[in-house]
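Report on the following structure.
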Amino acid sequence: QLQLVESGGGLVQAGDSLRLSCAASGGRFSSYAMGWFRQAPGKEREFVATIGYSGRDTYTPDSMKGRFTISRDNAKNTVALQMNNLQPEDTAVYHCAIAEGHIATTPNFISWGQGTQVTVSS
C-alpha cells in the first residue's frame, strides 16, 4: 500500500493560488488512480478531484471546475492539485488519496495521507 505525504498548504488571501503536492512511496504508484478530497471542521468529506492511472483522464466536480486542476507525474511518484482563485469556503484540510470505484463521480477513497491545511482569508 502506498504511503502518501502532502505538502504545499498555507494561509492565503481570497483570489490567491496554491499548488498542493503529494509524494507517494512504498508501492507501484502508476497502478493506482489518485485523488484529492477535503474536509473542513464540522463538515463532511468533499470530493475535489481524481485522476486515472496514466494521468490522461481527470475529474472534478462542477463546483470546482475551472479553479482546481489535478495532475500526476508517474516518473516522480507525485500527484499535484493546482488551486486558483481560492475563496474562504475552500478552507479545509486537503488529503491526497488512492481512489477506487467510479472515480469520475463518486470515488471511494481507500487510503490517504495526513493532509495539509489550506486557510483562505477574506
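Both backbone and side-chain heavy atoms feed into the values below; hydrogens, waters and symmetry mates do not. Since the model is a prediction, treat every value here as computed from it, not as a measurement.
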Result of checking Ile98, Ile103, Thr50 against Met34 for side-chain contact (heavy atoms from CB on, under 4.5 Å):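 Of the listed options, the one satisfying the test is Ile98.
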
Residues forming a side-chain hydrogen bond (donor to acceptor under 3.5 Å, both in side chains) with Gln39, sequence neighbours excluded: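 Expected list: none.
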
Is the closest side-chain heavy-atom distance between [X] and [Y] below 4.5 Å?
X      : Y      : value
Thr105 : Tyr59  : no
Glu6   : Gln117 : no
Ile70  : Gln82  : no
Arg38  : Asp90  : yes
Val79  : Cys96  : yes

Has [X] got a side-chain atom pairing as donor or acceptor with [Y]'s backbone, closer than 3.5 angstrom?
X      : Y      : result
His102 : Pro107 : no
Arg72  : Gly52  : yes
Ser121 : Val12  : yes
Asn74  : Tyr53  : yes
Thr116 : Gly9   : yes

[atom1] of [X] to [atom2] of [Y]: how many Å apart, nearest 0.5 Å?
X     : Y      : atom1 : atom2 : value
Leu18 : Leu20  : CG    : CG    : 6.0 Å
Leu2  : Trp112 : CG    : CH2   : 14.0 Å
Ile51 : Thr60  : CD1   : OG1   : 9.5 Å

Greater than 12 external heavy atoms within 6.0 Å of Glu44's CD: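 Not more than 12 within 6.0 Å, no.
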
Co-membership, hydrophobic cluster, residues Val120 and Val48, 4.5 Å side-chain: yes

Whether Phe68 and Tyr94 hold their rings parallel, tilted or perpendicular, with breakpoints at 30° and 60°: perpendicular

Considering all heavy atoms, the nearest Phe29-Ala24 contact: CD1-CB, 3.5 Å

Validation row, ring centre Phe47 to ring centre Phe37 under 6.0 Å: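 That pair fails the under 6.0 Å test.
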
Verdict with reasoning, Thr78 to Asp73, per side chain to side chain donor-acceptor pair (under 3.5 Å): CA-CA 5 Å; Thr78 58; Asp73 186 336; 4.9 Å; no

